[in-house]
**Q** 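First the structure, which I've put down as structure tokens, then a few questions once you've had a look.
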Amino acid sequence: MKVFIRFSLLFAVAAPVMARDLPRASRQFLEQYCVECHDTDTTKGGLDLTALRFDLANATNFSTWVLVHDRVSKGEMPPKKKPRPDSAEADAFIKSLASALTEAEEARAAKEGRATQRRLNRYEYENALRDLLHAPWLQVRDSLPEDGEAYRFNKIGDALDVSHVQMARYLGAADYALRQGMATQAERPQPKVQRYYARDQRSYTGPMKFSVFNTAPERATFPVLGFEGQPEVRKGDAPITSTNAELRELEGVGVVASAYEPIEPKFNQFRSPVAGHYKLRFNAYSVWAGPGESNKWFIPNLDNVSRGRRDEPVTITAEIPPRLLRHLGDFDVTPEPGVHELDTWLLAGEMIRPDAGRLFRSRPGAARWQNPLAEKDGQPGVVFRWLEVEGPIYDQWPPAGHKLLFGDLPMVNRVAAKVDEDPSKTNRFGQRRFRPPPGVEVISKKPLADAERLLREFVRHAYRRPTSEVDVKRFLPVVQSALKKGNNFTDAMIAGYTAVLCSPEFVYLEEKPGRLDDYALASRLAFFLWNAPPDDELRSCAEKNKLHEPDVLRAQTERLLSDPKSRRFVDAFLDYWLDLRKIVATAPDANLYSDYYLDDLLTESALEETRLFFAELLREDLPARNVVASDFAMLNERLAAHYGLPPVQGVALRRTPLPEDSPRGGLMTQAAVLKVTANGTTTSPVLRGAWIMERILGQKPPPPPPSVPAIEPDIRGAVTIRQQLDKHRTLETCNACHAKIDPAGFALENFDVMGGWRDRYRSEAGGELAQGIAKSGQKFAFHYALPVDASGELPDGRKFRDIRDLKRLLLADEKQLARNLTRQLAVYATGAPIRFADREPIEQILERASSSHYGVRSLIYELVQSELFRNK
């Protein structure tokens with residue numbers, strides 16, 4: 001009787017809502033299996049189906065019905081302890097509801113499109129300026145406000161707003177970029193090669209003498225002639241450099257520490273005069289500095305120098321004072337003096353700073369520092385002889401960017417402004433304040449006619465669609481107004497061009513609902529695979545209305561993927577999918593992890609490992625399962641040692657086979673990933689487990705309740721994080737989510753904050769004492785506390801012992817790994833989240849790529865050919 005009354009009440013409440021809105025079969029299913037727990041009285045999970053309308057035009061209502069669909073289709077609802085429908089009933093309900101959801105969403109997409117109109121993010125805007133102005137060195141991204149993020153990426157229109165601050169920054173960035181693209185002088189610069197000797201650089205020779213900041217030999221530089229020390233030169237009793245040309249070529253300056261305050265040698269006499277293309281050549285080699293007195297053997301004898309015992313990695317950075325560093329490249333110096341070349345782009349005013357990255361960095365502490373690389377008979381060092389600079393190198397004159405801006409109009413050198421400054425005044429490195437060349441002024445005898453002609457050509461190149469006279473007429477008044485106010489022709493044109501580069505047609509992607517036209521398709525493809533606008537070939541395909549043809553689109557996809565510019569895609573995609581942009585957001589704790597502290601070579605190698613790993617999957621079309629487990633890694637010497645793998649020679653990363661039972665391989669056990677999922681002091685299975693669920697498995701975990709505080713691991717070593725979580729999970733409301741999130745995180749507990757392997761946790765007290773000397777030269781001490789338990793149980797009941805077991809379990813569903821990667825790529829490529837109606841197109845992509853075992857390149861090919869990609 002009670003049941004009858006309850007159902008009578010249900011119909012009385014639900015009839016006005018559910019009977020009118022829901023298909024009859026769906027309504028009956030809910031009434032029979034769901035309403036008992038989800039009515040006005042019970043409302044389990046906060047869901048009252050008797051009050052829930054079937055109003056799919058409402059986004060919140062739509063999301064609720066998608067949740068109902070997914071819980072039933074996964075077999076999670078009704079619960080196992082309640083009456084459950086047979087498979088036919090469940091399938092009928094799922095099919096009916098899915099049909100209604102898909103129909104509603106497709107109707108909305110047909111009217112509005114999947115993607116919200118959006119502006120370029122700051123990565124894209126920078127690349128657009130670089131490519132348009134043929135200026136690969138441009139650095140404007142960091143001058144623009146941080147982009148909003150939605151669905152893990154900075155490509156979603158809803159998160160990319162435009163404020164007055166944004167527009168002001170666009171104006172500044174555009175003006176800067178345009179002036180960078182101009183010729184720097186009227187005459188073509190003559191090819192120039194100049195050598196800068198280390199003995200002529202005060203930053204190299206100054207630290208030879210002790211001072212209040214430099215009272216120890218480890219912090220001193222030392223003169224070397226071939227493989228012999230020069231004590232007289234070091235003491236100042238002999239000239240710093242020889243007048244003999246042959247001897248001068250053998251002179252060098254050595255270090256036993258890497259470049260870090262207070263010893264930061266650099267080739268400071270060179271300042272790149274203008275931004276552009278340069279070739280840098282370095283003459284350097286490794287040496288061995290002898291030991292000090294018997295009881296202080298770790299203090300080097302800088303006069304006792306011999307041939308090095310191994311190669312040493314050297315990192316080259318460009319520097320703009322004070323310490324604005326930009327990585328240029330790496331190479332290994334050998335015990336035999338040799339020349340090493342880097343082909344690079346420099347900004348105006350940059351110096352060149354070499355860093356022997358393996359060497360230690362002395363830091364003050366409780367006691368005197370000690371080089372951890374020192375042995376009883378000496379310690380390693382590196383000697384630099386000279387830097388040779390070729391450049392700036394020009395393929396044409398005027399440069400292509402200047403040609404676009406001003407054509408063949410004549411130009412004259414601007415007169416440098418007079419500066420009231422003492423010409424003898426220098427800084428501690430003997431440098432005068434850098435002042436860039438004044439640049440050029442373009443001369444026009446017919447400014448209005450030239451302005452219209454030049455603007456027409458510029459707009460045609462800048463816009464990613466066909467242009468008309470209306471586009472030109474919009475910006476001509478800007479130039480005319482600037483001329484009337486007394487500006488010269490050059491500055492007036494820059495004002496007009498700046499307006500173009502801040503206009504909606506340049507800043508925004510133009511896509512209309514429905515099938516993309518060939519111009520919009522070209523932009524979507526280029527911003528996907530190059531993170532930049534389409535080039536001339538893509539635009540030509542669009543102009544001929546050929547790009548939408550499957551064979552042409554496939555060929556262009558292959559061309560873009562094979563171009564070096566595809567590295568922009570790799571870097572930008574991983575910056576957000578894996579959060580690699582946050583790799584320097586935290587530093588290893590100086591007490592618990594002092595063996596990682598100050599190790600820039602390790603951090604830089606870890607970041608490049610993940611990028612090169614994904615690039616390898618893409619280049620070789622390797623199956624998506626490699627995201628979880630691969631039989632290779634991208635390693636160099638530092639990473640191989642960090643991972644406890646067989647030795648690898650040199651600083652260059654390369655594909656390296658892994659031992660059969662190695663826990664490495666795949667993304668989850670790479671140092672960069674493990675670093676961004678830790679805080680520098682501790683690791684959390686919750687954070688890492690949620691990361692794996694969302695980034696690797698495509699299962700977004702629910703947000704934590706606002707009233708429940710986060711669990712902080714105990715660095716005292718009294719209890720493990722697992723023990724803390726076990727206590728936390730005794731609450732039913734907490735266990736429901738943690739049972740899904742924590743297991744994968746537990747499997748990663750064998751990896752510390754920098755991805756190193758551990759069997760026991762580090763702590764500040766308790767347990768076995770570990771001691772050593774850090775890269776800082778200071779002694780460190782921590783304790784090996786409680787053992788790591790990396791076992792767990794997945795929500796479906798499958799158990800694992802460690803990360804190896806977990807990988808095997810995850811590989812049982814390769815299609816889900818590929819599905820998640822495809823969804824991530826689709827969000828990045830289209831600027832729209834994966835909605836309910838997109839699920840079937842995703843499955844079609846997977847089906848077409850299945851013959852390659854879901855190869856990463858194949859997934860991209862099929863995504864580009866899909867309706868998801870080809871429609872707004």
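Every heavy atom of this structure was used, including side-chain atoms; hydrogens, water molecules and symmetry mates were not.
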**Q** Identify whether the distance between the nearest side-chain nitrogen and carboxylate oxygen of E867 and R515 falls below 4.0 Å.
**A**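 Salt bridge: yes.
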
**Q** Hey, are R539 and E543 close enough for a salt bridge, meaning a charged N less than 4.0 Å from a carboxylate O?
**A**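 Not counted as a salt bridge, because no side-chain N and carboxylate O are separated by less than 4.0 Å.
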
**Q** Do T822 and Y854 get their side chains close enough for a donor-acceptor pair, meaning under 3.5 Å?
**A** no

**Q** Is any side-chain heavy atom of V389 less than 4.5 Å from a side-chain heavy atom of I352?
**A** no

**Q** With a 3.5 Å cut-off and no angle check, do the side chains of R559 and Q556 form a donor-acceptor pair?
**A**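 Distance-only check passes for R559 and Q556.
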
**Q** Donor-acceptor check, side chain of S272 to backbone of L347, threshold 3.5 angstrom: yes or no?
**A**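 Side chain of S272 to backbone of L347: a pair is present.
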
**Q** Just by distance, do the side chain of D147 and the backbone of N121 share a donor-acceptor pair under 3.5 Å?
**A**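 Pair absent, no side-chain N/O of D147 close to backbone of N121.
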
**Q** Does any N or O in the side chain of R118 come within less than 3.5 Å of the main-chain N or O of K155, such that one atom is a donor and the other an acceptor?
**A**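 Yes, R118 side chain to K155 backbone: donor-acceptor pair under 3.5 Å.
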
**Q** When you measure from the side chain of W397 to the backbone N and O of P189, does any donor-acceptor pair fall under 3.5 Å?
**A** no

**Q** Is it the case that more than 12 heavy atoms not belonging to E549 sit under 6.0 Å from its CD atom?
**A** yes

**Q** Is the Lys NZ or Arg CZ of R169 less than 6.0 Å from the centre of Y125's six-membered ring, within 45° of the axis?
**A** no

**Q** Using a 6.0 Å cut-off, check whether atom OH of Y508 has over 12 heavy atoms from anything other than its own residue.
**A** yes

**Q** Salt bridge check: are K403 and D408 linked by an N-O gap of less than 4.0 Å?
**A** yes

**Q** I'd like to know if D450 and R453 make a salt bridge, using a cut-off of under 4.0 Å between side-chain N and carboxylate O.
**A** yes

**Q** Determine whether V500 and D471 make a side-chain contact, defined as any pair of heavy atoms from C-beta on separated by less than 4.5 Å.
**A**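 Result no, sub-4.5 Å side-chain heavy-atom pair not found.
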
**Q** Whether R179 and D491 form a salt bridge (side-chain N of Lys/Arg under 4.0 Å from carboxylate O of Asp/Glu) is what I want to check.
**A** yes

**Q** Are the side chains of L328 and T317 in touch, meaning some heavy atoms are under 4.5 Å apart?
**A**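 They are not in side-chain contact.
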
**Q** Which atom pair, heavy atoms only, marks the closest approach of L538 to D535?
**A**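 Taking L538 first and D535 second, the nearest heavy atoms are N-OD1, 3.1 Å.
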
**Q** Relative to the ring of Y576, is the ring of F153 parallel (under 30°), tilted (30 to 60°) or perpendicular (over 60°)?
**A**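 The rings of F153 and Y576 sit tilted, inter-plane angle from 30° to 60°.
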
**Q** Could you list the donor-acceptor pairs under 3.5 angstrom formed between side-chain atoms of residues 857-865 and any protein atom two or more places apart in sequence or on another chain?
**A**
from, atom 1, to, atom 2, distance (Å)
R857, NE, E558, OE1, 3.3
R857, NE, Y861, OH, 3.0
R857, NH1, L618, O, 3.1
R857, NH2, E558, OE1, 3.3
R857, NH2, E558, OE2, 3.2
R857, NH2, S562, OG, 3.1
S858, OG, D621, OD1, 3.3
S858, OG, D621, OD2, 2.7
S858, OG, S852, OG, 3.2
Y861, OH, E558, OE1, 2.0
E862, OE1, R848, NE, 2.9
Q865, NE2, P550, O, 3.0

**Q** Pairing donors with acceptors under 3.5 angstrom, does anything connect the side chains of N413 and E187?
**A** yes

**Q** What class does the angle between the rings of F528 and F869 fall in, given that below 30° is parallel, 30 to 60° is tilted and above 60° is perpendicular?
**A**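 Answer is tilted, since the angle falls between 30° and 60°.
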
**Q** Taking 4.0 angstrom as the limit, do D575 and R611 come out as a salt bridge?
**A** yes

**Q** How are the rings of H402 and F406 set relative to one another: parallel (under 30°), tilted (30 to 60°) or perpendicular (over 60°)?
**A** tilted

**Q** Is R567 salt-bridged to E608, going by a charged N under 4.0 Å from an acidic O?
**A**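 Salt bridge: yes.
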
**Q** Considering all heavy atoms of both residues, which atom of L56 and which atom of F62 are nearest to each other, and what is their separation?
**A** O-CD1, 3.6 Å

**Q** Any non-hydrogen side-chain atom of V856 less than 4.5 Å from a side-chain atom of E620?
**A** no

**Q** Taking the six-membered ring of Y123 (Phe, Tyr or Trp), confirm whether the NZ or CZ of R568 is under 6.0 Å from its centre and within 45° of its axis.
**A**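 The answer is no, since R568 fails at least one limit relative to Y123.
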
**Q** For the pair Q396 (side chain) and P398 (backbone), establish whether a donor and an acceptor sit closer than 3.5 Å, ignoring hydrogens and angles.
**A** yes

**Q** Is there side-chain contact between N127 and W530, with heavy atoms separated by less than 4.5 Å?
**A** no

**Q** Decide if the gap between the ring center of F475 and the ring center of F458 is smaller than 6.0 angstrom.
**A** no

**Q** Using atom types as modelled and distance alone, determine if a side-chain donor or acceptor of T830 lies under 3.5 Å from a backbone N or O of A826.
**A** yes

**Q** Is R464 salt-bridged to E505, going by a charged N under 4.0 Å from an acidic O?
**A**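 E505 and R464: not salt-bridged.
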
**Q** Does a side-chain N-to-carboxylate-O contact under 4.0 Å join K565 and D131?
**A**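 Counted as a salt bridge, because a side-chain N and a carboxylate O are separated by less than 4.0 Å.
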
**Q** Under 3.5 Å, is there a donor-acceptor pair between the side chain of Y394 and the main chain of R188?
**A**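 Pair absent, no side-chain N/O of Y394 close to backbone of R188.
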
**Q** Look up atom CZ in R524 and atom CG in L529, then write down how far apart they are to the nearest 0.5 Å.
**A**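 Nearest 0.5 Å value for the CZ-CG distance: 12.5 Å.
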
**Q** Examine the side chains of D343 and H277 and answer whether a donor and an acceptor come within less than 3.5 Å of each other.
**A**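 Yes.
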
**Q** Is a salt bridge present between R581 and D579, judged by a nitrogen-to-oxygen distance below 4.0 Å?
**A** yes

